[in-house]
Every structure is written in C-alpha cells, then in structure tokens.
Amino acid sequence: EPLLEYFRGKDFNPSLLLDIHRTTFQWRVYQAIQSIPPGATTAYGEIASEIGSPKAVRAVANACASNPVSIVVPCHRVVRKDGGLGGYRWGVGLKEKLLRHEETSS
C-alpha cells in the first residue's frame, strides 16, 4: 500500500524498518539518501561529503548499485556532479521516469 501511495503522488515515508544486510558504510549512504526530498537530486560526491567520506564517491555509487530496496532508499535521486543521471540498478530509463514522476508530484 505505501508504494501505491507513492505512485499516486501522496506523501511517502521511506523511513521504514529495513532488514537488509549491508555494511556500516552502505547504511550511512542509505540514510543520507533517504533524507533527499522527493523531486530533488543530490550528487554522489555530496553524499560522500555528507557522510564524512568526501573521497569515497565511487564507493557511494557502488552502495547505490547494490541497493536492494528501490523507492524506500531512493537512489534514483543521486546523480553525477554534472547533473547527468549516471547509472541505476534497474536501468537509467526507470531512474528518469521516477525523477519525472517526483517532479510532477511534488
């Protein structure tokens, strides 16, 4: 039901309890990503700086690539520093659609 609300453009609280096995670093990345509001984007490097590891840009990208819970940890909101979409575990086309959906719903 919460995901249906998300796609209907309603408020969605991604702060759900998650039982996924990840490293401490990945959890820090995911927590930072969960703070990005719908319709907004943040660069991989900004996430790295926010979690106190400014040189770990590639590691942030790898954490995004290993994210098993799309939407709940909205890695689609993380982009390259030049604003390009970069990659996405479920395909760049879906990343683009999710961002467009959030822009029109926000």
Side-chain angles (χ1 to χ4, degrees):
E1 184 71 26
L3 287 178
L4 292 175
E5 294 300 311
Y6 168 81
F7 286 109
R8 290 180 186 132
K10 308 265 194 249
D11 286 339
F12 175 69
N13 180 2
S15 299
L16 304 172
L17 291 176
L18 300 176
D19 185 19
I20 57 174
H21 301 281
R22 295 291 178 247
T23 66
T24 301
F25 179 84
Q26 288 169 321
W27 275 114
R28 289 179 19 229
V29 170
Y30 294 169
Q31 288 172 330
I33 290 170
Q34 285 180 313
S35 71
I36 304 169
T41 59
T42 300
Y44 295 101
E46 291 174 28
I47 296 291
S49 292
E50 183 178 329
I51 65 169
S53 301
K55 294 183 179 182
V57 177
R58 290 182 79 113
V60 168
N62 286 333
C64 289
S66 68
N67 172 15
V69 285
S70 174
I71 309 297
V72 176
V73 178
C75 287
H76 61 276
R77 297 179 190 154
V78 186
V79 297
R80 296 186 328 215
K81 69 179 174 181
D82 67 3
L85 294 181
Y88 189 57
R89 180 179 184 166
W90 293 275
V92 175
L94 180 58
K95 182 175 188 171
E96 184 176 33
K97 287 177 186 176
L98 290 170
L99 290 171
R100 201 169 347 155
H101 166 75
E102 291 182 355
E103 287 172 1
T104 60
S105 298
S106 296

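What you see below is based on every heavy atom in this structure, not just the backbone, and it leaves out hydrogens, waters and symmetry mates.
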Of all heavy-atom pairs linking Leu98 and Tyr88, the shortest is CD1-OH, 3.5 Å
Side chain to side chain contact (heavy atoms under 4.5 Å, CB included) partners for Leu85, two or more places apart:
Val79, Val92, Lys95, Glu96, Leu99
Could you tell me which residues satisfy side chain to side chain contact (heavy atoms under 4.5 Å, CB included) with Glu46, sequence neighbours excluded, listed by chain and number?
Thr42, Ala43
Donor-acceptor under 3.5 Å (Ser53 side chain, Ala56 main chain)
no
Would you name the heavy atoms of Tyr44 and Val60 that are closest together and state the gap between them?
O-CG1, 3.9 Å
Under a 4.5 Å cut-off applied to non-hydrogen side-chain atoms, are Arg22 and Pro68 in contact?
yes
Separation between SG of Cys64 and CD of Gln26, rounded to the nearest 0.5 Å
10.0 Å
Side-chain contact, heavy-atom cut-off 4.5 Å: Val73 with Gln34?
yes
Between the NE2 atom in His101 and the NE2 atom in His76, the distance rounded to the nearest 0.5 Å is 8.5 Å
Is there a side-chain contact between Glu102 and Pro37 in this structure, where contact means two heavy atoms from C-beta onward sitting under 4.5 Å apart?
no
Considering non-hydrogen atoms only, spot the tightest contact between Val29 and Ala63 and give its length.
CG1-CB, 3.9 Å
With Ala32, which residues qualify under side chain to side chain contact (heavy atoms under 4.5 Å, CB included), at least two apart?
Ile47, Glu50, Ile51
Assess the side chains of Ser66 and Arg89: does a donor N or O sit below 3.5 Å from an acceptor N or O?
no
Donor-acceptor check, side chain of Asn67 to backbone of Pro74, threshold 3.5 angstrom: yes or no?
no
Test side-chain contact (heavy atoms from CB on, under 4.5 Å) applied to Val78 and Ile36, step by step
CA-CA 9 Å; Val78 186; Ile36 304 169; 4.1 Å; yes
